Every structure is written in C-alpha cells, then in structure tokens.
Protein chains: 6
Amino acid sequence: MKVLPPLPPEIALDPLLHQWLLEDLGRGDRTTDAILSGSYSAGVAELRLKQDGVVAGLPLLERVFQKLDSQAVVKLFAQEGELVCAGTTIVTIEGSLAALLMGERVALNLVMRLGGIATLTRRYVDQIADLPTQLVDTRKTTPGLRSLEKYATAVGGAQNHRFGLDDAVMIKDNHIVAAGGIAIAIQRVRQVSPFVLAIEVETEDLEQVKEAVAHGADIIMLDNMAIAQMKEAVAYIRGKNPRIKIEASGNVTLSNLRPIAETGVDFVSTSAPITQATWLDLSLRIL
Amino acid sequence: MKVLPPLPPEIALDPLLHQWLLEDLGRGDRTTDAILSGSYSAGVAELRLKQDGVVAGLPLLERVFQKLDSQAVVKLFAQEGELVCAGTTIVTIEGSLAALLMGERVALNLVMRLGGIATLTRRYVDQIADLPTQLVDTRKTTPGLRSLEKYATAVGGAQNHRFGLDDAVMIKDNHIVAAGGIAIAIQRVRQVSPFVLAIEVETEDLEQVKEAVAHGADIIMLDNMAIAQMKEAVAYIRGKNPRIKIEASGNVTLSNLRPIAETGVDFVSTSAPITQATWLDLSLRIL
Amino acid sequence: MKVLPPLPPEIALDPLLHQWLLEDLGRGDRTTDAILSGSYSAGVAELRLKQDGVVAGLPLLERVFQKLDSQAVVKLFAQEGELVCAGTTIVTIEGSLAALLMGERVALNLVMRLGGIATLTRRYVDQIADLPTQLVDTRKTTPGLRSLEKYATAVGGAQNHRFGLDDAVMIKDNHIVAAGGIAIAIQRVRQVSPFVLAIEVETEDLEQVKEAVAHGADIIMLDNMAIAQMKEAVAYIRGKNPRIKIEASGNVTLSNLRPIAETGVDFVSTSAPITQATWLDLSLRIL
Amino acid sequence: MKVLPPLPPEIALDPLLHQWLLEDLGRGDRTTDAILSGSYSAGVAELRLKQDGVVAGLPLLERVFQKLDSQAVVKLFAQEGELVCAGTTIVTIEGSLAALLMGERVALNLVMRLGGIATLTRRYVDQIADLPTQLVDTRKTTPGLRSLEKYATAVGGAQNHRFGLDDAVMIKDNHIVAAGGIAIAIQRVRQVSPFVLAIEVETEDLEQVKEAVAHGADIIMLDNMAIAQMKEAVAYIRGKNPRIKIEASGNVTLSNLRPIAETGVDFVSTSAPITQATWLDLSLRIL
Amino acid sequence: MKVLPPLPPEIALDPLLHQWLLEDLGRGDRTTDAILSGSYSAGVAELRLKQDGVVAGLPLLERVFQKLDSQAVVKLFAQEGELVCAGTTIVTIEGSLAALLMGERVALNLVMRLGGIATLTRRYVDQIADLPTQLVDTRKTTPGLRSLEKYATAVGGAQNHRFGLDDAVMIKDNHIVAAGGIAIAIQRVRQVSPFVLAIEVETEDLEQVKEAVAHGADIIMLDNMAIAQMKEAVAYIRGKNPRIKIEASGNVTLSNLRPIAETGVDFVSTSAPITQATWLDLSLRIL
Amino acid sequence: MKVLPPLPPEIALDPLLHQWLLEDLGRGDRTTDAILSGSYSAGVAELRLKQDGVVAGLPLLERVFQKLDSQAVVKLFAQEGELVCAGTTIVTIEGSLAALLMGERVALNLVMRLGGIATLTRRYVDQIADLPTQLVDTRKTTPGLRSLEKYATAVGGAQNHRFGLDDAVMIKDNHIVAAGGIAIAIQRVRQVSPFVLAIEVETEDLEQVKEAVAHGADIIMLDNMAIAQMKEAVAYIRGKNPRIKIEASGNVTLSNLRPIAETGVDFVSTSAPITQATWLDLSLRIL
C-alpha cells in the first residue's frame, strides 16, 4: 500500500490541515456550537461511495477527525488504491458528534478530490498495464495541493514526475532559445546546478533529439511528436545509449495513450488524471 | 465586473501566493537559474485559450508575475467572466524572462482551475437565465481554495452560499436529531449565536417545512424533494411568509436544474460547477 | 454554561497562547531559570478574587498552565459567568513551580481582562433582565482579542453582534451616500453578497426607517434616536413586518439603557461593557 | 516626541496589523465590497476627540490606512502625548473610500485604547510631576499588546519597567522561598543569568531590605509597605549605597501616589494606568 | 548541569526544529521512503565522538528523534558540558529505523556545531579557571542560532553577555559621537529606556573611563586597551565605585586571555569560541 | 558571478532576514532608540576585511540594510567570490544612522560566516584547479542556513551536492541492509520515487561497486576507500559505463584531496569547507 508523503505529519501535514479547517470553520461552527454546547454527544459516521472508484486520502480523513477528537476511532474497510463499488461503506468514525459535524466537510473534500484523481489515473494506467511503459504526472496541480494530488496519482498507479522546479532540470524550448542551443544550455546547467540533478531536454524533432543525446541528456522528452516520429526517436536513442530515459508528452488522451506507449517510450506524461478528474462521489452519514 | 475577494491583497492573497510559488519553486528554479543567471533577459508571454471558456482569475495571474518582477507589464484582453473563443489571446505579459519562466506554472494552474469552474458555472446559469431563481454554490471546494473557487462561481454567474460554518446557521438533519426537533434547535441557536446570523433549516418533507416556518426560519432548504413536493412546499411557504428564502438542493444536474428552478424556489444550490469542472485549457507561450 | 469559541483549541487558541507566552517570556524567565534550574519543585497556586465580580476566562487559564506543564491539575471552584464575592478562591493549580511562575502573568492578564468585561456586562444586562430586549456588543474590541472579548460579553449575559465585516451586511450612512440611497445600496448588496447574509440598515430618522422597511432590510438599526422617535419607529416597523429585527444604538449608558429597551426594540447595542471595563482584581498566590 | 517601539515596522508591526485587520475583515468587508466594487471613490475622514484626553497611537492609525491604500494621505494635527480638548480634529485621512471604511474600526480601536491609557497615565504622572520620583508600569498588559500599551504609558509620561521575564531579574517571595533565602537566590542568578541583567529583589520588611542590600541587589522593591516603613527603608538603603534604585509597589491609587513618592523612592510602579483605563472616546467621520 | 533556554520547548524550540527538519527533508526522504515504506523496522543508533570534546546539545538531539518517533528511547551516557574522549559512545537511540535515518543529519549538525563551540569555550575558560574573572560571549553568532550558540558557550563554562539589542544598553563610540558625549548619551538613555536596563559604556581611554564613572555607568567596557592602561582603569574604577562591573574586550586570543584577566577586570568578552570553533566530529552508526 | 539562491527574495529570503533581525533586535535597539529617537541622522559605514579572504554574502548585507532603510545606498567594491586582501574596503553603506547601527550585527554575522566558508572552499578548490575533478559539499550545514552555506561553497568554487533528502536518492549502507541488498534497494526506489531522481549508491568495496553498476546506479560513491582501491573502482566503472558519475568521499583534507582527485573520480565530496571554516574577519566602521 502506498503511503502519504514521506514527511512527519506533525510537521508537514498538520499545518495544512489546520489552515483548511480554519478555512471552513472561520470563527467556529455556529450551528453545532449552539445545538450541542454544554453537553457531550457521541456519534458514529459512515462513509460510503456513491459511485465506483479508487479510494485515496483515507489517512487524511483519519487525521482530520483525530485533530478534532483525539479519542475518535476511525476504522478503514478499504485500502488506499483499492477499486471499490458504489454503495460500499469504506470508513466508519466513532467520536464526539461535534467533531463529526465540524470535520465532515474538510475530510470529505479531501477524499473526494483525491479519489477522483486516483480513479481517473487508474483508467489511464489500465490502458497500458501490460506494457513496460509507465504513466507519469505533471506540475499541473491545484496550488497548495501538489504533494497530495501527486500522491493520488501514485495511489492510482502512476509514477511521479518532478515535484517542483528544483528536483530535476528540464530544459524547454524557451531555455534552449535563451541559451542559444541545447549544447550550451546543458553546459550551463552542468556548471551551476547540483550535480545530482538529472537533466531532461524537451525535444520537438529528431534533430533536437540527436543534439540532446550528443550532449549527455539523462532524459529526453519527445514533445507532441507523431507516432512514427516517436518510434524513430526511440530507436535512435536506444541505439546510442540504452540508459537514457525517454518520455513522451503532449495531448495524451485515453484513446491515444496506448499507441504512444507502444512506441517503446519509458514514460508517458499527462496532466489529464488531475486536470480532467471530477470528484469521487461520497457521502458521510451520521447514524 | 466581479472583483477578487474584498480583502487587501498584501494581507490576504500574498501569503497564499507565496506558499504556492514556494510549492513549485522548492529551493529554486534550477534550470532557469543555470540558463540565465548573471544576465537579464526580457521576454514577452502570451496567454491563449485552447478551448472556448469563461475567463476567471486574471488578477491572480497578474499578481503572480508582479511578485516575481515588480516591473512586469500585464495587459488584459479579456474581462473576468467574459466568454472567450478558443485561440484568443487574453493576456500578454512583458517582464524578465526569469519571472515568466518561474511564474508560469502557478499562474496557469490558477487561471485554468478557476476558468474551468467559471465555464461550467456559466453552463448551469444559462439554463435558468430567464428565471428569477439563482444558482448558488456549496462548501464542496478544494481545501485552501474556497475563497477563490467561490469567486470563480460568482464570476460564472452564480450567487455564493455560506463561506464557512460561521457566517450563517444551517440546521441539518443531524442537528435536528441531536436537539430533539426543529423547534428546540432554532431556540438554542437564537440563544447563543450572533443575532445577525440567518437561520437556515434543511427539510425533507412538508411536515418539516411547516415546523421550520412556524419557528421562524429565515431560509428553508428543500433537500432532495420531488418536483411536485417542492411546488407544494413553495406554495405553503409563500402563503405563510413571502420573505422566507427558499433553497432547493440535492443531485442537481444540467438537465434537472430548470424544472427545479421552475418550482419557484429562490435558489438552487449545487456543488457541480466546482466538483464536476475540468480545467480550462490554456497555453502560455513565451515569444 | 457558556463555552469558549467553537473552534478546536489546538488550532485556534494555542497559536494565540504561544504568541502571548512568548511576549511575556521573551528569551526565557531568567529568574525562575536561575533559581530552579536543575531541580524540579512542585507547587500549588490559588487564584482568589479581590473584588466581587463575574468570572470569565477560566478555560484559558487552565490551558495556559497545561501548556507549561502537561501534568498540571487545575481545579475550578467557580463557573464561567458566576458572580463571585471578593475573597473567594476560584481556582487552584497544582503543577511544577516553574510552570506556575512562568504562566502566572499571562493567565491572570486574560482572566482579569475578561472578568472585568463580564462583570460590567452583567451590570448592564441586569438593568433589563425582566424585559425581552437583549444587550448586544459591537466591534469596538481590543485588536487581537475580539473572539475572547465577545466571549466575555456572552458570559456576562449579552448577545453577540457581528464578529467582523463579513458575517453580516451593515449599511451605514457612508454606504448610503456612496450608493446614492438605501434602495440602491440594498440592491447592490443583494447582487454580490452571499445570499445568506442578513442586511442591516443604519437609520437616523423615520424617513430612512421607512425606506429600509420598503426595500427589505432584515435588521434596522435606530441610531442615536430620541426615545419618542424610537417608539414611533418601532411601531411603524412592527406594523409593517413583525419579523424585522430592531436594534437601538448610540451613547448607551447604565442609566438610559432601560428606557431605550422599553421602547420595544429587540436589541440595544453598546461598546461600553468592553470599552468602559476595568480589570477584575485577582491575585494568584503560590503556596 | 516619544516614538513607537524601536523596531522596523515592516518586521515588527505589520504582522500584528495584518492579524488585526484580518480579525475584523474576516473573509472581506461584504458591505463596502458590494456598494463600491467596480468603481473607485475617494474620501476624506476626520478623527475627532469626543472627550479631553492625551493622544497616543497616531502612527499606528497612519500605518493601518497606508496598508489599505498606499496613496492615502494622513495629516496629523496633534502630537503623540499632547493633551487635546474634546471636539478637536486630530487627524484627517484622504484616500480611497474603501480603505477608509475597511480600516476605520481597527485604527480607532488602537487609538482609543492607547489614548485611554496615555490619558490615565498622565493623571497619575501629574500628581508627582514636581517630585524626582517617576511612575513606572508593570507586566499587567493585554495579551498581544504589551509593547503598544507600554508605549502608551511612556507617551503619557511614565517610565517603562520590564517588558518581559527576560530583560531583568526580579526575585519575588516565591523565588526566595524556593531558593532558601535572598542570599542564595542572588548567588544563583549571578551564576547563570546574563551578567548585564539587573537584579531586583522584592522585599516585604526591613529585614529583607537589609539582606538585599547586603548581597548586592541593583534594585530593591518595597512591596506593600506602610509609608513610615518605606521612609525607613529608603533611609537605610541610601545610607548603604546611593546607587541602588528603589521602587515602591502595591495598591497605588491617585490619592496615595504622592505620599508614596514623597518617601523618596525613585520609582512607583502601578498597573492602574493600564488596568483601570477606559477607552478615549473618538469618532471618525467620513466627509 | 546547565539546561536549555528557559522556555517551554513546544513554544520556543519546536518551531525551529520543524523548520530545520523541513530544510533537510524537503518534500520527504525519498530513499528511506522507498526502501522502508509499507513496513516498520526498528533500529538502534549509537552516537560516538571521533575526537575529544565537550558535549553540548544532547537535549536537542533527543527532541529531534522524539519528534520523528514519539516512542523513541534516547539514552544519554554523557552530560552536557562533560569533556569526553574520542571513541566514547555518548548516546544511543532506539526507535523506528525511518526516524533514525530521517533525523540523523539535523540532530548531528546541531550537536556537532554546539559541541565545537562548547569545546573551544572550555579551552578559553581553562586559561583563567583559577581567577575570579569570567569569560563572556558576544553577539557574533550564526543568524537563527543565537540562543543555542550562547547556550553552548554557557555549557562550555562562559557567562552570557547581551542576547540582543534590547536586554541591556551598550553605548558605543558611534552613539557617543551621535549624542555629543558620554554624559548626554547616558542622560538620554535614562529618560527613555526601561529603568531596569543596565547601562554599559564602551571606553577607549582613561578619559572616557572617568566620564563613564562620573555619569553613573553600570558597566564599563575597556575596549582594545593595552594591559597597563587596563590596570590603571581598573584601579581607578574600583577606587570610585566597587560595584561597577568592568569588561575587557578586543582581539582576545588563547594566549593573551590570561594577562588580560590578571588586570582584575570582572569579565573578558570574546567572539572566538563561536567564530573560531570548528565542528566537533561525531558519528552516528545505525546498528 | 554566482548569484543567490534562485528564488524571489521577497518570498524566500525576507522571512529569514526578518527572523534574524528580530533575534538580534528583540523588543528593539534600546541604545540607538534612546540616543537618536526624535531626530534623523545620516551616516556612512565602511566594511573592511581584516584578513585576506574570498568575499561572499554581499547581496545579503545589501538587503539587510535596505530592509531597515529603503533609501540606503550600498556600494560594492568587490564581487562575490573575489579574493580580497586584508585592509580593503569592500562595501560602503550610506543611510540612516539608526539603520546602520541596527543592521550591523546581522549583516556582518552573515558576511563573516559565508566569507569564511567561501575562503576555505577556495583553498580546497585550488588544490585541484587543474584537474577535471570537482569539489562538492555535503548536508553537514548549520541548521537554517543550508541554502546560504551551500551558496557560499559555490561562490568559493565548489559544486553543490544534494540540498536535501528529496532531490536525489542516496542509498547508504543502512538502506542496503534494510532492503536486503543493493539490487532490491534500487528496484524499490525505481518503483516509488519520482523517476527523474538520480540514484546514488554508497559503496565500500569493489564488490558493491560492481553490484551498483550492474543494477543501474546513476552515481556511485566510493566511501572511505584507499587510493588504490579507488583507482580500481574508477577503471571498472569507466569500462562498464562512462556515463556513471563517480564520487569519492570520507575524511578529505587539504593534503589528501589531490591524490584522491587524481584517481579520476568526477567529484570529491567533503564537509570541511563548512565544518572547518572559521569566520572571515571583517569590521564595519561608521564614519
């Protein structure tokens, strides 16, 4: 089972959860406060899928309710990444009724958004499950949620691409123009970037592919190429250096994903599982 | 033209933009830094729609680039809320090439997400444009983005519902059960909530509607009722007190929105423009 | 018993307590550190009233000491909102002597300030205890302490008015002038504000009252009117729509509060319980 | 003229102002936004005293409005610390109407609270203006406002005592008991506290005074002593070492302040100018 | 045993530890995550000195690992300030392997830096251990680490000088010039600074020493004086007032420290134990 | 000329500078405030080297003074990375005297620390300047200063290694043991880490080198090997795949650096330029 970002939650996740709870609570849940204040009521809530989907984000939901009631007991009946049918109860939460009512919206918004992404990712991944090619995501993510949305694509079965502008070098067309060519661009990067960073070069034709190979790119992206051109590029690169990773990118859809993968590229990157995902429909019922 | 949330941007927006820029930049844009460092290059970028859509979020894009280059000149060729055709250039940005390259992803992610919401909202709103009924949003919003996503529904033509649990009282089924009835629930709220807050009661049948009217609800939500039942409820409420606002809610779609609105309710609330929206496709080209 | 703002304390209160403790501790309690460092001493402290007053803020005091010593045992001998006589011990705290010495000032400053407000509020509320009219507070609160000071007025027996500029609309004279009249002002608010927000209109004479009624104000404030004029306004509004809430405001004192309330208004708002309150005198003795 | 705390405002003051503005604005000024949005209006506001008082906090008011409108022009017609008569206009602000409406409450709350403190401080200071003794404040300050409230006592004519537990050592009765006597307490402090810190000892009788003198206290506080006893203590200390500073403390009022000062102590400390201050009544009128 | 800064760690230390852990972890420990994720492994780590040195910072190390694994058991085999030989195991940590791997670098960086400072401080202090003169540090500390670096000098045996510009007044040459002389400078400080703050005057010759004595300086710094001149200054000051503290400063080295101390000054201040310290070599081995 | 970390300073640097200025200023510069308050004085400061060294951090110094006086004019007479002789004036600052006095310590602490690192780095780099091998730093950096200390090693002529645990995978001995071998460790990393991350394997003997090569390591670290063994490893790796980067590590000193580099490794990593650096001696004189 895939786990949450490899960071201690107290340090990395809780500040976000606090921010999100305050966004919803504002100066406090006036309704729940008025109805319950002065007396403790226990409650049980049940989270059910209203459509088939791949579950993602349950550890977040768990932590939301534990923030609001440290005694809350969250029981999971599905695993992260599991494809679950509509109607299934995937979580029950026992805790104070106040905590259930105050945490419901934030917890569900997270699980619905991440589940939607995992579900759509799975549909893409399933297209190429028998091929060695892997699906990868992009930096088109909702501001503030990158780690979690990329976590959801991983839960759905994709690999992660860069998390930011700092964990790999990606030389794009504008960089090439600004530097005055692929050769000089790579050279400049070698001089000042941390030497451990991989250098990826975005190429638009075979000429650029050759130049990138010649100057030692670690990863070559074939951007928006036709299938035939991709095949040619893959053959060329494999012939020169089998360790160069090859990524295809550009207007990937559920229908063209497989042909692209069949060109033999290592990775196909697409933002679709994030930008085209709708929310996974869930309901939380308090019993 | 609708404007951004009514808060000074230095105080309310900038902390979020900083957080989002750091999310993308991490320890810095290694590529741009290596390619450009030590020399200033000017650049011009052009933002174009790749599909028809309603534009939203341009003031955010503007501020992102001005954060990165206080001299940047952002020219807008479309207004917030304008329906623009694919292929149209809606913004140009002149500034340092470094700023263009470093700000691109965050700025676009915002405009694509908000534009997607505004576009879908408009489709809903268009269904009932000739009726007095208004579309309203819900609290199903991406954590951390509520103000902006609700801004986008407003840009798209909807009205905003509650921004949080504190700016109106909403007595739901669980509250009614916990209190022991609508009457006692409303009474408790009256005692301790700020008196300016409206009291909305969620009702599931005519019995509850009558009880809510009898005890002075300001807003009555008809939750998941059949069309005929809604009509009956509307007639009852209008007969008792024409100032009570009536909201319909539950499984609203593009096809059932109009019949629901035709029951005469004041508002139809739905999360669809946010949870079902895909991103508006845009491209930023650096010239 | 009234409770603290309906927000999880870890999220909402603790950041403030940390800020306040650091304000007092600076780089640390040099005296206590030098005297005790290297050895643990237990202590018991006793909080006593030095004048009669209404107690408020004990949960804050409790949390301050528990922050500094998670083992501290705080026993309360009075309830929030209870009128207690001078000389009474209302709290004992058993814990590390270091925690008692380091937390004393912040804890007492909170309880003294809030107790002062609750005590003065009670004096106002007592004037009209037999009338249906309720006392309400205003936004004249110490910056940074609004939630807590409004909590104290509630403990003292008042109702809360707006907590900020966002949880109700209040159309004041300047807004009326800027809009060009009450009618257009209300109309503009209806168009862009969240529809759940109540609309209050500040009126200075009967003419304005009539206009506000005519255009659907939810709450009408009678600002600085003479008693006779208020009576007339109340009669007019009740005749037109018994659900409109009526608030009187302006130069309210202990002596004119009752006559104002006797005009039949629903609410009398005044900043006096906050701006005129002196601190409730308390002493914490370490035994 | 006394100035604000000696810290760069961008670093020290602005984070507080942002926090306070957000406290009042919440998710935004719904009224002003609705009335004005889409069009710029200029406005002029005039700040007038409604009672005689000593002015304090004008630089804060200035900065609040400049945060909200960087073009705002704030003209001051009174100086910090000036005693001004009721009815006098002390400030005019020209700027955007939106900024005036959004900043009004926070700005006034600050100036009213600080003016109230400065005014009451002045009344105390005036009692002993012809004596060499100085009035000093204490750590009984509103949490979050210590720097500003102590600034206000300075504006009113007092001297400041400790700002926190770290900028001087104060050995109180509990410390003496915990250490096992004044001698050992002072010795421990000497060992581990920064050597630049003054050591003040709180004494309750002449015995303790002698012990404190004998062991090198820099400042001796005479706590709650009778006038005669204080005179004796002052004489004793002056005879032993004229450089030891002497502070009197405990239940200081406007009527006993002068006799206490006449005992010849250097300082009389009291929390009254802060804990007994009511707010200075001011009104901001937008023209 | 000297303890950490006298502040509750949850409030003062943890925010720093979080910042430092995030600095190292970034978006997470990719290696450990990949190797261990999905399964818990326990581990034991052993911290050993690779050179002789004075140990400092163990409580920080302890807290780092407890942040990452609340069940971690940290056993200390050396005390803060103890001089330990190369090869000695000073700490063992039992906890989750993930926590050991993720916390290692931050914990060690702290203990190596602070140990280096404590070790060099001890070498200085040892030069004058038999004299009444004490070594004191300065404000030349690594930005962000002042409290901890000054803690390390204290662990090494030094006294602390000012922690910042606010806990004592230090009148330097530029202040004297700006004020127009020592007399006027002291007088201005007396007027506006909190009266508890000690006033130190930096002097360059006997003339200035005399002026400082005459106007009541509490501490006199002899800055960069020759040994003979210092002796003369000490004699002069002692003759006038034995309670004035005398500090020598300027280009202190291991070889001239003792002669300076033998002039009879109370304190010799030097930044060398911090600015000249190299890191104490340690290794953490996971067994 | 090398520039500061590639992040917008308002977002990345200023929060740190604010933290550091507050660390030094505390509640304000009491001395400067008392001496100057109420009157503006201009001043000129001159920064001079007191020993030969490589300059680093001047942009930081510039920003510190501009924070405190936006009108300050900072003139640089040396470039980042320039080796400058003792006695040379490298910067002059014209601005308010208050800003010069308040900013001096923080600015100098930064420039002295970073200059010390750049200077020592240069000494190492000079040993191998004629060889293709490059010096690289490590993660042994002062907590909170990693970006800046690594910036200083780059200014001194080194290359940067990983900035954190997230921008490359480094499989160390403990990881190998935990995984059960190099092969399985690499395989696990490939499955879950972002595919762009380079995989470095730490090896202790030729056996491990061969295994790392066989399983596709991108970078191989030769940890603490003898010179002969390193040569053998280099030959082996070059023979198998010339694109694998080779790093030598372990107990690097000024005297063994060159022989290590001469083995033909691409990189030699060492913490010495950071952990062994003393501060570059500088003085700021206000004229």
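Bear in mind that the values here come from a model prediction, so they are computed numbers and not experimental data.
For chain E, the option among F:Leu145, F:Thr138, F:Val106 with the highest count of heavy-atom pairs below 4.5 Å is F:Leu145. Taking chain E as the reference chain and counting heavy-atom pairs below 4.5 Å, the highest number among F:Met102, F:Met112, F:Arg146, F:Arg188 is found for F:Arg146. Ranked by non-hydrogen atom pairs under 4.5 Å with chain F, the options E:Leu22, E:Thr32, E:Ile274 are led by E:Thr32. Chosen from F:Val169, F:Asp29, F:Ile176, the residue pairing most often with chain E at heavy-atom distances under 4.5 Å is F:Asp29. Chain E forms the most heavy-atom pairs under 4.5 Å with one residue out of F:Ile186, F:Leu101, F:Asp281, and that residue is F:Leu101. Listed options E:Gly116, E:Ala272, E:Pro194 were ranked by heavy-atom pairs under 4.5 angstrom with chain F; first place goes to E:Pro194. Contacts with chain F were tallied for E:Thr275, E:Leu110, E:Ile286; E:Thr275 has the most, counting heavy-atom pairs under 4.5 Å. Between chain F and the options E:Gly164, E:Gly180, E:Pro143, the largest number of non-hydrogen pairs under 4.5 Å is found for E:Pro143.
Considering only heavy atoms from C-beta on, E:Lys140 comes within 4.5 Å of F:Arg105 through its side chain. Counting heavy atoms from C-beta on, the side chains of F:Leu165 and E:Asp24 come closer than 4.5 Å.
Between E:Thr31 and F:Ala168, the shortest heavy-atom distance links the atoms OG1-O, 4.2 Å. Closest non-hydrogen pair, E:Gly26 versus F:Asp166, comes out as CA-OD2, 3.4 Å. The nearest pair of heavy atoms linking F:His175 to E:Ile35 is O-CG2, 3.7 Å. The shortest heavy-atom contact between F:Gly144 and E:Trp20 is N-CD1, 3.3 Å.
Looking at E:Thr142, the atoms closer than 4.5 Å to chain F (heavy atoms on both sides) sit in the backbone and in the side chain alike. Proximity to chain F is limited to the side chain of E:Arg162, based on heavy atoms less than 4.5 angstrom apart. Heavy atoms closer than 4.5 Å to chain F are found in the side chain of E:Leu197, but not in its backbone. The part of F:Leu97 that comes within reach of chain E is its side chain, from C-beta onward, which places non-hydrogen atoms under 4.5 angstrom from that chain. Using a 4.5 Å cut-off between heavy atoms, F:Glu23 touches chain E through backbone and side chain atoms alike. Heavy-atom distances place the side chain of E:Leu16, and not its backbone, under 4.5 Å from chain F. Heavy atoms closer than 4.5 Å to chain F are found in both the backbone and the side chain of E:Gln276. Looking at F:Arg113, only its side chain comes within 4.5 Å of chain E, counting heavy atoms on both sides. Looking at F:Ala277, the atoms closer than 4.5 Å to chain E (heavy atoms on both sides) all sit in the backbone: N, CA, C or O. For E:Ser271, no part lies under 4.5 angstrom from a heavy atom of chain F.
Put simply, CG on F:Asn174 and CD on E:Glu104 are 7.5 Å apart, with the number rounded to the nearest 0.5 Å. Within the model, atoms CG of E:Asn109 and OG1 of F:Thr141 stand 5.5 Å from one another, a figure rounded to the nearest 0.5 Å.
Sparse packing is recorded around CG of F:Asn251, with 12 or fewer heavy atoms of other residues, nucleotides or ligands lying under 6.0 Å away.
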